[in-house]
Amino acid sequence: MAPKLSDSVEELRAAGNQSFRNGQYAEASALYERALRLLQARGSADPEEESVLYSNRAACYLKDGNCTDCIKDCTSALALVPFSIKPLLRRASAYEALEKYTLAYVDYKTVLQIDNSVASALEGINRITRALMDSLGPEWRLKLPPIPVVPVSAQKRWNSLPSENHKETAKNKSKETTATKSRVPSAGDMERAKVLKEEGNELVKKGNHKKAIEKYSESLLFSSLESATYSNRALCHLVLKQYKEAVKDCTEALKLDGKNVKAFYRRAQAYKALKDYKSSLADISSLLQIEPRNGPAQKLRQEVNQNMN
């Protein structure tokens, strides 16, 4: 016989979490509902706790295929704490299951404004883009509902959460990257990747480097065989002072094309910013072997040498 739970929102939520982990979704849902009723009966405002309970119950509904109630609970959670990642992702999944693709696209894109590395949102955008292209044709973007602009405060709130909140994101991103690289893109995928890369290039020209990163990331989901897409995204990371990400993208670019001059130059810039001067000089040397008269590279070498002295 299960022990009797005290009238504690925290204990009820913990018990619900355990039931959810055990695959007992109906039981978990009932426990979250009890916690919600107790919290609301108190009359003391605790929007974050209430939002989490709605989001957790939504996860139970989603697991049981009850997409309509999942959407309702996610919407309630977001009304309490706008731009929370988990209810946005759960609502997007429910919309997708109901084939409400434009609404799913909006939620996935909203998540990527908050954190453009969330693998499940990137994967969702990949799937939904395909579905929208197939159902609505080349003008599908014109038929989307407005995508809300995420305020900086919401992004900062997510970045300030404890590191364990980001662990699953990193793990899933690694899985997604591996899966994408192992898949051979079709001719259609290659064409879509090209279009998205060009859209990214246009955003770079307009100075919108954050949005450009999203476009390049979408492009790489369709095809990860284009060296220039990685080196272009690296440029955006450099501008945004995301130097480690720039190094990673340049490294991927050079795996695909060992003579990508821009990748060598941008990685050298990133290494310089990270004060890894030896690695920076090594990249500049490799670049100058390909293009001995490359003026920017020669200038960068002088700057790095000055920093080392």
Side-chain angles (χ1 to χ4, degrees), residues 13 16-17 19-37 39-40 47-136 140-141 143-150 154 157-158 161 165 168-169 171-173 175-176 179 214 218 221:
R13 185 171 75 154
N17 293 348
S19 294
F20 187 90
R21 284 192 290 270
N22 293 338
Q24 298 167 319
Y25 305 123
E27 181 179 305
S29 176
L31 288 162
Y32 294 138
E33 184 168 351
R34 283 176 58 189
L36 270 168
R37 287 178 179 174
L39 187 66
Q40 291 163 352
E48 290 197 8
E49 179 72 24
E50 193 173 349
S51 178
V52 167
L53 289 168
Y54 274 118
S55 179
N56 287 3
R57 190 171 67 177
C60 300
Y61 288 142
L62 189 62
K63 287 288 188 181
D64 282 336
N66 184 352
C67 294
T68 301
D69 283 337
C70 172
I71 290 166
K72 287 179 183 176
D73 270 5
C74 289
T75 302
S76 295
L78 291 163
L80 290 159
V81 182
F83 304 110
S84 297
I85 284 184
K86 286 184 178 180
L88 279 168
L89 287 173
R90 288 163 186 167
R91 190 171 68 178
S93 295
Y95 280 140
E96 186 176 354
L98 294 173
E99 298 185 3
K100 295 183 178 181
Y101 296 128
T102 57
L103 295 174
Y105 186 92
V106 169
D107 278 351
Y108 283 132
K109 287 294 284 187
T110 303
V111 170
L112 291 172
Q113 285 186 69
I114 302 165
D115 182 350
N116 61 20
S117 70
V118 177
S120 54
L122 289 166
E123 291 168 352
I125 283 291
N126 185 12
R127 292 190 304 272
I128 298 299
T129 300
R130 291 167 187 264
L132 290 171
M133 284 180 170
D134 291 340
S135 62
L136 301 178
W140 64 273
R141 288 184 185 275
K143 300 172 185 178
L144 292 173
I147 297 172
V149 177
V150 178
R157 185 180 73 236
W158 166 248
L161 290 174
N165 287 285
E168 189 173 353
T169 293
K171 182 173 70 176
N172 288 340
K173 186 180 181 186
K175 287 181 181 177
E176 175 267 327
E214 291 181 19
E218 285 183 49
L221 283 169

For residues 64-77, run the donor-acceptor check on the side chains, cut-off 3.5 Å, and write out each pair with its distance to 0.1 Å, sequence neighbours left out.
from, atom 1, to, atom 2, distance (Å)
Asn66, OD1, Asp69, N, 3.2
Asn66, ND2, Asp69, OD2, 2.8
Asp73, OD1, Arg57, NH2, 3.0
Asp73, OD2, Arg57, NE, 2.6
Asp73, OD2, Arg57, NH2, 3.3
Thr75, OG1, Ile71, O, 2.8
Thr75, OG1, Arg91, NH1, 3.2
Ser76, OG, Lys72, O, 3.1

Notebook entry, point to check: What heavy-atom pair brings Tyr32 and Arg13 nearest, and what distance separates the two atoms?
Noted result: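 For Tyr32 versus Arg13, the nearest heavy atoms are CE2-O, 3.7 Å.
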
Checklist line | Minimum heavy-atom distance between Pro47 and Val81, given as atom pair plus value | finding: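 Taking Pro47 first and Val81 second, the nearest heavy atoms are O-CG2, 3.9 Å.
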
Check: Residues in ring pair (Phe, Tyr, Trp, His ring centres under 6.0 Å) with Tyr101, at least two apart?
Finding: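 Testing Tyr101 for ring pair (Phe, Tyr, Trp, His ring centres under 6.0 Å), a comparison that skips the adjacent residues, returns none.
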
With sequence neighbours left out, what residues match [X] under side-chain contact (heavy atoms from CB on, under 4.5 Å)?
X: Pro146; value: none
X: Ile125; value: Tyr105, Tyr108, Lys109, Leu112, Thr129, Glu218
X: Lys143; value: Leu136

Margin query: Is there a side-chain contact (heavy atoms from CB on, under 4.5 Å) between Glu50 and Leu36? Walk through the geometry before answering.
Written below: CA-CA 7 Å; Glu50 193 173 349; Leu36 270 168; 3.7 Å; yes

Check: Does the side chain of Val111 reach to within under 4.5 Å of the side chain of Asp115, using non-hydrogen atoms?
Finding: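 Answer no - side chains too far apart.
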
Which value, rounded to the nearest 0.5 Å, describes the distance between [X] atom [atom1] and [Y] atom [atom2]?
X: Thr110; Y: Ile114; atom1: OG1; atom2: CD1; answer: 7.0 Å
X: Thr102; Y: Arg141; atom1: OG1; atom2: CZ; answer: 13.5 Å
X: Ser120; Y: Lys86; atom1: OG; atom2: NZ; answer: 11.0 Å
X: Leu144; Y: Ile128; atom1: CG; atom2: CD1; answer: 10.5 Å
X: Ser55; Y: Leu89; atom1: OG; atom2: CG; answer: 9.0 Å
X: Arg90; Y: Asn56; atom1: CZ; atom2: CG; answer: 6.0 Å

Please report, to 0.1 Å, the donor-acceptor pairs under 3.5 Å made by any side chain of residues 19-31, with sequence neighbours excluded.
from, atom 1, to, atom 2, distance (Å)
Ser19, OG, Ala15, O, 3.2
Ser19, OG, Glu27, OE2, 2.7
Arg21, NH2, Gln18, OE1, 3.0
Asn22, OD1, Gln18, NE2, 3.2
Asn22, ND2, Gln18, O, 3.3

